[in-house]
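These numbers were taken from a predicted model, which means no experiment stands behind them. Residues: numbered from 1 along the sequence shown. Just so you know, ligand 1 is whichever comes first in the structure, and atom 1 is the first atom listed for that ligand.
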Amino acid sequence: MSYVDEVLERVIAKNPAEPEFHQAVKEVLNSLRPVIEANEEVYRKEALLERITEPDRQFKFRVPWVDDKGQVQVNTGYRVQFNNSIGPYKGGLRLHPSVNLGIIKFLGFEQIFKNSLTGLPIGGGKGGSDFDPKGKSDREIMAFCQSFMTELCKYIGADTDVPAGDIGTGAREIGYMFGQFKRIRGTYEGVLTGKGLSYGGSLARTEATGYGLLYLTEEMLKCNGHDIKGKTVCVSGSGNVAIYATQKAQQLGAKVVTVSDSTGWVYDPEGIDVDLLKEVKEVKRARLTEYAAARPSAEYHEGRGVWSIKCDIALPCATQNELLLDDAKALVANGCIAVAEGANMPTTLEATEYLQQNKVLFAPGKAANAGGVATSALEMSQNSERLSWTFEEVDSKLQNIMVNIFHNLDDAAKRYGKEGDYVAGANIAGFEKVANAMMAQGVC
Ligand code: NDP
Ligand code: 2IT
């Protein structure tokens, strides 16, 4: 049996009931086959794949908090510190009722390669809780965040592990967590990113994932003879990534006609009104029905359906496994030329394969959404030098990083005879740097 197949079998046996983690490992290891085969003897002897698929450590803890009725609630908190061979652990905190250890491990594993692709010194980690922020008062959110950080603060620090936002965790939650960290540990340090601007946050971090997604998509299209201007775009999700992806797509001259949330989706043939979307989602924290009610050109539909709309470019920006094989078939049938993942692993393995076989340009999340964590690393740099850069300075660094990521993965794919396979390119380019660092640092 090949080394890759042996390790895949072992990962599935050792981590039962973690399908998302298996999926992420399968995608990475399968596309690394040519690299592994070229170095099989040494990687096998060093147990490199066994080590890279086993987190350095993982924490699971109780998070008790008191709701507005005086009732004690109990959630589970997680932090997985996956790999720190090229820098301190770095990755977001997801607050969503679907969170479990397998989901945090898939996200932490992806983060290793994504962070490596940014070219910045950050390792891979991820955390979160099965807490559901929906419908909670500010006081309840604060109570949860303080309790969560009371335990998490034992394991993190500016030079060890630096969490940030993800689904359900935005500036409000990061603020409450930062306050509690400071209170318990007594140090003022860049232990979290995505902070408010008055206490160490970076300009352009809020916009960074969505903007970065468009910078990479624009470059991918350009290098394949297309112009983003005038294209029709379908976006899923209506959170942080989706909002700023929509905004940048429209600034670049494309028209975004859909957004979605966990209960329904909107088709707005005149183009999404970003200011209205921000008012509904960022200020009122309301459902998309409110967007449709305020916008005569918009239709609201219950359930899922974004990928049934004819578009040139699809940007899944909500969550994992939201673009399925049938969706991929609908996109291809409608003439879609590019899919770029704003979310982490939104496209299933079968759907990805189908899109690639049908010559749709496909940019995987670990490259396409790396602008968020890259700008988090820029926030860490600003915190270390105790200075703040202008919006333009951060945004221009972000653009360079995204363009470089695209060329790195394009080159890596070409080096291994897989021209145009950006999934393989991203995995290979991300892996090479981490693998070299692990080998140089000995058995650890
Ligand atoms: P937000 O919480 O801001 O928004 C998430 C959006 O996705 C919401 O519209 C939400 O709907 C929808 N959504 C979440 N879960 C589900 C679900 N199970 N089914 C259907 N819809 C769902 O999160 P972000 O925008 O920050 O994150 C979106 C994706 O991007 C995630 O995969 C995240 O890991 C990834 N990502 C985020 C980065 C960041 O910097 N924030 C960086 C890189 C990747 P509703 O409003 O109903 O909850
Ligand atoms: O998935 C991701 O890259 C993020 N949620 C952002 C992580 C970060 O540390 O900014």
Side-chain angles (χ1 to χ4, degrees), residues 20 87-99 103-104 106-115 117-118 120 122-128 132-135 161-174 190-195 201-202 204-213 235-246 259-266 277-278 280-282 284-291 303-304 306 315-323 341-347 365-380:
E20 293 86 0
Y89 306 106
K90 183 84 197 84
L93 297 170
R94 179 173 292 191
L95 301 183
H96 193 271
S98 63
V99 163
I103 286 185
I104 299 300
F106 116 63
L107 290 162
F109 183 69
E110 288 282 291
Q111 203 83 43
I112 303 172
F113 307 100
K114 181 195 305 194
N115 294 3
L117 283 172
T118 65
L120 299 166
I122 39 180
K126 199 84 187 189
D132 185 359
K134 277 212 185 74
D161 183 357
V162 183
D166 193 79
I167 291 178
T169 307
R172 173 181 60 170
E173 292 73 21
I174 293 292
V191 65
L192 293 160
T193 58
K195 299 185 291 297
S202 174
R205 175 63 187 88
T206 306
E207 294 84 355
T209 311
Y211 278 22
L213 173 65
V235 166
S236 67
S238 50
N240 174 265
V241 180
I243 289 172
Y244 293 96
T246 301
V259 286
S260 66
D261 65 17
S262 50
T263 51
W265 58 286
V266 159
L277 183 65
K278 286 171 78 166
V280 170
K281 284 291 169 184
E282 291 184 342
K284 294 188 182 158
R285 298 180 190 273
R287 315 301 321 161
L288 282 174
T289 41
E290 292 213 11
Y291 174 94
R304 51 195 301 286
V306 160
L315 304 176
C317 298
T319 192
Q320 66 274 2
N321 294 329
E322 50 150 326
L323 199 164
E341 297 184 318
N344 286 305
M345 209 169 75
T347 316
K366 61 170 74 68
N369 71 37
V373 76
T375 306
S376 277
L378 300 179
E379 181 172 330
M380 290 165 71

Atoms of ligand 2, numbered as shown, that sit under 4.0 Å from any heavy atom of [X]:
X	result
Ala164	8 (C), 9 (O), 10 (O)
Gly165	4 (C), 5 (N), 6 (C)
Lys126	1 (O), 2 (C), 4 (C), 5 (N)

Location of contacts on [X] toward ligand 2, heavy atoms closer than 4.0 Å:
X	answer
Met380	neither
Glu110	neither
Asn344	side chain

Tyr291: ring-ring contact (aromatic ring centres under 6.0 Å, His included) partners, not counting sequence neighbours: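 Listed in chain order: nothing, the list is empty.
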The one among Lys114, Lys90, Lys366 that brings a heavy atom closest to atom 3 (O) of ligand 2: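 Looking at heavy atoms only, Lys114 sits closest to atom 3 (O) of ligand 2.
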Non-hydrogen atom of Ala377 closer than 4.0 Å to ligand 2: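 No.
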Ligand 2 contact by Arg94, heavy-atom criterion under 4.0 angstrom: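 No.
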Arg287-Thr263 side chain donor-acceptor pair, cut-off 3.5 Å: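 Checked: Arg287/Thr263 side chains pair up, N/O donor to acceptor below 3.5 Å.
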Side chain, backbone, both or neither: which applies to [X] and ligand 1 if a contact is any heavy-atom pair less than 4.0 Å apart?
X	result
Cys317	backbone
Asn344	both
Arg287	side chain
Ser260	backbone

Proximal atoms of ligand 1 relative to His96 (non-hydrogen, under 4.0 Å):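 Every atom of ligand 1 under 4.0 Å from some heavy atom of His96: 15 (N), 18 (N).
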Ligand 1 contacted by Arg94 (non-hydrogen, < 4.0 Å):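 Distance cut 4.0 Å: Arg94 passes for ligand 1.
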Protein contact to atom 10 (O) of ligand 2 [nearest heavy atom, distance to 0.1 Å]: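 Nearest protein contact, heavy atoms only, for atom 10 (O) of ligand 2 is Ser376 OG, 2.5 Å.
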Distance in Å, Lys126 NZ paired with Asp166 CG, rounded so as to fall on 0.5 Å steps: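 Rounded to the nearest 0.5 Å, the NZ-CG separation comes out at 3.5 Å.
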N/O separation below 3.5 Å, Asn240 to ligand 1: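 By distance alone, the answer is yes.
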